[in-house]
K.L.:
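Got a structure for you, questions after.
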Amino acid sequence: MITPSRLVLSVSAALAAALLLVGCTGSAGEQPPTSSAAPDDSSSTDELSDDFEAAWLDNGRMFSLVTWGSSSCVPIVDEISAEGQKVTVSLVDAPNADGSEKVCTADFAPRASIGGLPEGVDPTKDVEFVVTLGDITEDVDLDGNAALTGTGGEATDYEPSAGWFDDEGIVLLTWGSSTCPPIVENVEVQGAGATVTFKTEDGMCTMDMAPRATLLGMSDDVDDDEDFTLTLVGGNLDGTVHVLRG
């Protein structure tokens, strides 16, 4: 498990109290969905933080990078390459649909960016991510997980997945319409797991299949062990998801 930064720990209570929904980008060939990040109003700044975190997703075929900055400008993966177990990732702010540059709100929130693990990288072994976002370049270490059976470059099975990005934070990956991202209604922790209830989407949704990332904050007494499971209820997402460690 990655050692959590002080900044992540300082807002973990806010994450647990108010679930933060964020947009993401998918693996190569996937259409990036529209951002649906919800801001954390506990602070107001347009500055980026260099406290980055990482998590395993999709049985090791994919990963998530959690960064901090404006909730309306969720970074997407622009370029990715690998040399051995070292993965270099360039993150950029997604443009508007018409290609124009986005105007970012002056809030400060965690955002999850999702990418596909490059071919040749082994998720059962430790991975070093070298992440560039704006003027910041940060090294992020993600521990290997021997239970992961996916491989870098392998196609997704489009099933929900989740991974710990710190001791009290989970990235949940679901697949569906990019214009109708999941909206969390409630999270209830129950021993070695949690029930996540989603609101039902009433509006019109596009018929695409895109990755959607949801950040979930857990309470500080949760044990991020190997048996932690999310039970998803509502929003056409009913099922259970084992939370991957890294």
Side-chain angles (χ1 to χ4, degrees), residues 1-2 4-5 7-26 32-43 48-49 51-58 62-77 91 93-94 105 107-115 131 133 140 142 160-176 178 180-189 193-199 210-220 222 224 228-232 235 237 241-246:
M1 173 59 62
I2 301 170
S5 67
L7 181 58
V8 169
L9 286 176
S10 69
V11 299
S12 60
L15 278 169
L19 300 174
L20 299 169
L21 182 65
V22 301
C24 66
T25 183
T34 303
S35 169
S36 56
D40 173 8
D41 295 327
S42 60
S43 60
L48 294 172
S49 168
D51 289 298
F52 296 172
E53 303 286 350
W56 289 118
L57 295 171
D58 200 24
M62 303 178 74
F63 62 88
S64 177
L65 295 171
V66 178
T67 62
W68 290 79
S70 172
S71 64
S72 63
C73 292
V74 180
I76 61 173
V77 174
L91 298 178
D93 288 332
T105 54
D107 60 338
F108 195 62
R111 300 91 48 89
S113 305
I114 293 178
V131 185
L133 175 58
V140 184
L142 184 57
S161 60
W164 293 100
F165 70 88
D166 74 13
D167 289 342
E168 299 166 21
I170 294 172
V171 180
L172 171 64
L173 170 65
T174 59
W175 297 85
S178 61
C180 295
I183 300 174
V184 176
E185 190 171 57
N186 182 56
V187 174
E188 182 180 356
V189 177
T195 297
V196 184
T197 303
F198 298 91
K199 294 182 178 179
R212 295 93 52 91
T214 305
L215 287 181
L216 303 172
M218 299 290 115
S219 59
D220 56 9
V222 167
D224 57 340
F228 199 88
T229 300
L230 299 177
T231 300
L232 310 183
L237 296 173
V241 178
H242 174 69
V243 183
L244 303 174
R245 295 185 64 188

K.L.:
Applying side-chain contact (heavy atoms from CB on, under 4.5 Å), can you list everything that pairs with Ala94, at least two apart in sequence or on another chain?
P.N.:
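Here the qualifying residues are Ile76.
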
K.L.:
What closest approach, in Å, do Val74 and Ala112 show between heavy atoms, and which atom pair accounts for it?
P.N.:
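Looks like CG1-O, 3.9 Å.
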
K.L.:
Among residues at least two apart in sequence or on other chains, which ones pass side-chain contact (heavy atoms from CB on, under 4.5 Å) with Thr174?
P.N.:
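So Thr174 forms a side-chain contact (heavy atoms from CB on, under 4.5 Å) with Pro160, Leu172, Pro182, Arg212, Leu237.
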
K.L.:
In this structure, is the centre-to-centre distance between the rings of Phe52 and Trp68 below 6.0 Å?
P.N.:
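No, ring centres 6.0 Å or more apart.
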
K.L.:
Tell me, please, which residues at least two apart from Thr197 pass side-chain contact (heavy atoms from CB on, under 4.5 Å).
P.N.:
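By the side-chain contact (heavy atoms from CB on, under 4.5 Å) rule, Thr197 matches Glu185, Asn186, Thr195, Val233.
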
K.L.:
Does some side-chain heavy atom of Trp164 sit less than 4.5 Å from a side-chain heavy atom of Val171?
P.N.:
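Val171 vs Trp164: side chains apart.
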
K.L.:
Less than 4.5 Å apart, side chain to side chain, heavy atoms only: is that true for Met218 and Phe228?
P.N.:
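With C-beta onward as the side chain, the pair touches.
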
K.L.:
To the nearest 0.5 angstrom, please state how far the OG atom of Ser113 sits from the CG atom of Leu91.
P.N.:
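These two atoms lie 5.0 Å from each other.
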
K.L.:
Kindly give the heavy-atom pair with the smallest separation between Ile114 and Val77, and that separation in Å.
P.N.:
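Minimum heavy-atom separation between Ile114 and Val77: O-CG2, 3.7 Å.
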
K.L.:
Which pair of non-hydrogen atoms, one from Arg111 and one from Pro75, has the smallest distance, and what is that distance?
P.N.:
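Heavy-atom minimum between the residues: NH2-CG, 3.3 Å.
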
K.L.:
Between Asp58 and Ser161, is there a side-chain donor-acceptor contact under 3.5 Å, judged purely by atom types and distance?
P.N.:
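Their side chains do not contain a donor-acceptor pair, so the 3.5 Å distance test is not met.
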
K.L.:
Which heavy atom in Cys73 sits nearest to a heavy atom in Asp93, and how many Å separate them?
P.N.:
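The answer is O-OD1, 3.2 Å.
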
K.L.:
May I ask you to decide if Ser70's main-chain N or O and Asp107's side chain share a donor-acceptor pair within less than 3.5 Å?
P.N.:
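No; judged by distance alone, with no hydrogens or angles, the pair does not exist.
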
K.L.:
Any side-chain heavy-atom pair from Glu53 and Thr67 closer than 4.5 angstrom?
P.N.:
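Of all side-chain heavy-atom pairs linking Thr67 with Glu53, none is under 4.5 Å.
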
K.L.:
What distance do Thr214 atom OG1 and Ile183 atom CD1 have between them, rounded to the nearest 0.5 Å?
P.N.:
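Nearest 0.5 Å value for the OG1-CD1 distance: 10.0 Å.
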
K.L.:
Grab the two heavy atoms, one from Leu173 and one from Pro211, that are nearest each other, plus how far apart they are.
P.N.:
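Looks like CD1-CB, 3.6 Å.
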
K.L.:
OG/Ser64 to CD1/Ile170 distance, rounded to the nearest 0.5 angstrom?
P.N.:
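Interatomic distance, Ser64 OG to Ile170 CD1, rounded to 0.5 Å: 12.0 Å.
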
K.L.:
Can you see which heavy atom on Ala162 is nearest to which on Val241, and at what distance?
P.N.:
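Ala162 and Val241 have their closest heavy atoms at N-CG1, 3.6 Å.
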
K.L.:
Please report the C-alpha distance between Val196 and Glu188 in whole Å, then the side-chain angles of each, then the deciding distance to 0.1 Å, and finally whether the side chain to side chain contact (heavy atoms under 4.5 Å, CB included) criterion is met.
P.N.:
CA-CA 7 Å; Val196 184; Glu188 182 180 356; over 6 Å; no

K.L.:
Tell me whether Ser72 contacts the main-chain N or O of Thr105 through its side chain, where contact means a donor paired with an acceptor under 3.5 Å.
P.N.:
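The answer is yes, because a donor-acceptor pair under 3.5 Å joins these two groups.
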
